[in-house]
A.B. asks: 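Structure below; questions to follow.
Counting starts at 1 for both ligands and their atoms, following the listed order. What you see is a predicted model; the values in this text were computed from it and never measured.
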Amino acid sequence: MKPSRPSSRSRIGALLLALWLACCAAAPAAPPEPLAPDVVSSPPVSPPAALVIDRLPPDFPHGGEERTARDIDLIVVHSIGGPICKSGDVYFTPASGSAVFWRDWFIGEGGKSIHYVVGRDGDIAQQRPELRTAGHVSFGGVMTEVNRRSIGIELVNRGDGIEPFPEAQLNALSALVAEIAARYGLPPEALVTHAALDDRMQADCGGEPLRRNLDPGPLFPLKHVRVAIKSP
Ligand SMILES: [Zn+2]
């Protein structure tokens, strides 16, 4: 079939398209929006969670020793769960329950104590006032008097490297450590894990050596949480 000649309307359309390509398609693209430094160097950080903390009554009979703000230069993060050897197998103790549940467990436990517990839903409970020591680190490696100089925070998690840390929990922890660090003038490096302080081994388990403390476990994003702390 013989092709038909283009109509005058389609010729005008082609002309307009050519004009548009000539004037607009060659226009330089707008420069990209600069990325915020945090976006470049770390995963996205959600807005800080509002700090809602379940506190004990002011007249609650606390243990521990009195100290001053100048004594505090560390924040130690733990997880409730941890490794034990059970019939020759490594077993991680379960950690079900809210922050208040575990805060109350620490009160009844008697031996161990902690300043804060952060639950999976971002719920926070305080057991020990910050200006009283808590017993959460029994050995600090090269550091001495860790309990004297630190604030201890427990995360409700198995600490087994399998259970993830929910975003709500990490947001609440980030908001809590940022607020604490700002009050005491602490740098991001003041936030440390229990595992980094205590590298002692417990008895072999099924012929394999087993660390006493691995918490809060390999899935804990220490660098990500440290980003929340602004250097003084
Ligand atoms: Zn611990």
Side-chain angles (χ1 to χ4, degrees), residues 63-65 67 72-86 90-120 122-130 132-166 169-170 172-174 176-177 180-181 186 188-203 205 209-226 229:
E65 299 171 10
R67 61 180 174 178
I72 296 169
D73 64 357
L74 281 177
I75 304 172
V76 183
V77 181
H78 305 256
S79 64
I80 296 284
I84 59 173
C85 189
K86 203 171 178 180
V90 179
Y91 174 79
F92 283 82
T93 50
S96 303
S98 67
V100 167
F101 172 86
W102 284 104
R103 187 269 311 280
D104 293 348
W105 181 88
F106 274 104
I107 292 171
E109 205 269 345
K112 299 174 184 174
S113 49
I114 199 74
H115 292 99
Y116 296 98
V117 183
V118 181
R120 292 181 174 89
D123 45 321
I124 305 174
Q126 185 176 33
Q127 184 203 353
R128 189 67 56 83
E130 293 173 8
R132 298 195 73 84
T133 60
H136 55 101
V137 173
S138 58
F139 174 76
V142 297
M143 293 186 178
T144 57
E145 298 192 314
V146 173
N147 289 332
R148 182 83 197 160
R149 60 192 280 194
S150 67
I151 290 175
I153 302 175
E154 287 277 359
L155 298 174
V156 183
N157 184 280
R158 294 175 70 98
D160 56 3
I162 298 173
E163 183 191 356
F165 292 90
Q169 186 175 40
L170 292 177
L173 175 69
S174 297
L176 179 63
V177 299
I180 292 171
L186 306 182
E189 297 74 32
L191 182 72
V192 297
T193 65
H194 191 188
L197 296 175
D198 192 343
D199 60 357
R200 290 175 299 169
M201 310 300 289
Q202 53 181 318
C205 185
L210 178 62
R211 289 268 302 271
R212 289 169 62 110
N213 291 291
L214 294 167
D215 62 314
L219 289 187
F220 177 68
L222 176 65
K223 290 180 181 174
H224 175 72
V225 178
R226 277 179 170 172
I229 300 175

A.B. asks: Could you check if a side-chain atom of R226 sits within less than 4.5 angstrom of a side-chain atom of V192, using non-hydrogen atoms only?
C.D. replies: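 When only atoms from C-beta onward are counted, V192 and R226 do touch, with a gap below 4.5 Å.
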A.B. asks: Would you check, one step at a time, whether the test side-chain contact (heavy atoms from CB on, under 4.5 Å) holds for H136 with N147?
C.D. replies: CA-CA 7 Å; H136 55 101; N147 289 332; 3.5 Å; yes
A.B. asks: Report yes or no: do R132 and S113 form a side-chain donor-acceptor pair below 3.5 Å?
C.D. replies: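 No, because no side-chain N or O of R132 sits under 3.5 Å from a partner of the opposite role on S113.
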A.B. asks: Side-chain contact test, heavy atoms from C-beta onward, threshold under 4.5 Å: evaluate it for I80 versus F106 and give yes or no.
C.D. replies: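 Touching, per the 4.5 Å side-chain cut-off.
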A.B. asks: Check whether H115 reaches the backbone of G152 with its side chain - one donor and one acceptor, N or O, closer than 3.5 Å.
C.D. replies: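 Yes; at least one donor-acceptor contact below 3.5 Å.
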A.B. asks: Protein N/O/S atoms under 2.8 Å from the Zn ion (ligand 1): how many?
C.D. replies: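 Counting protein N, O and S atoms closer than 2.8 Å to the Zn ion (ligand 1) gives 3.
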A.B. asks: Any salt bridge between E163 and R120, counting N to O under 4.0 Å?
C.D. replies: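 Answer for the salt bridge query: yes.
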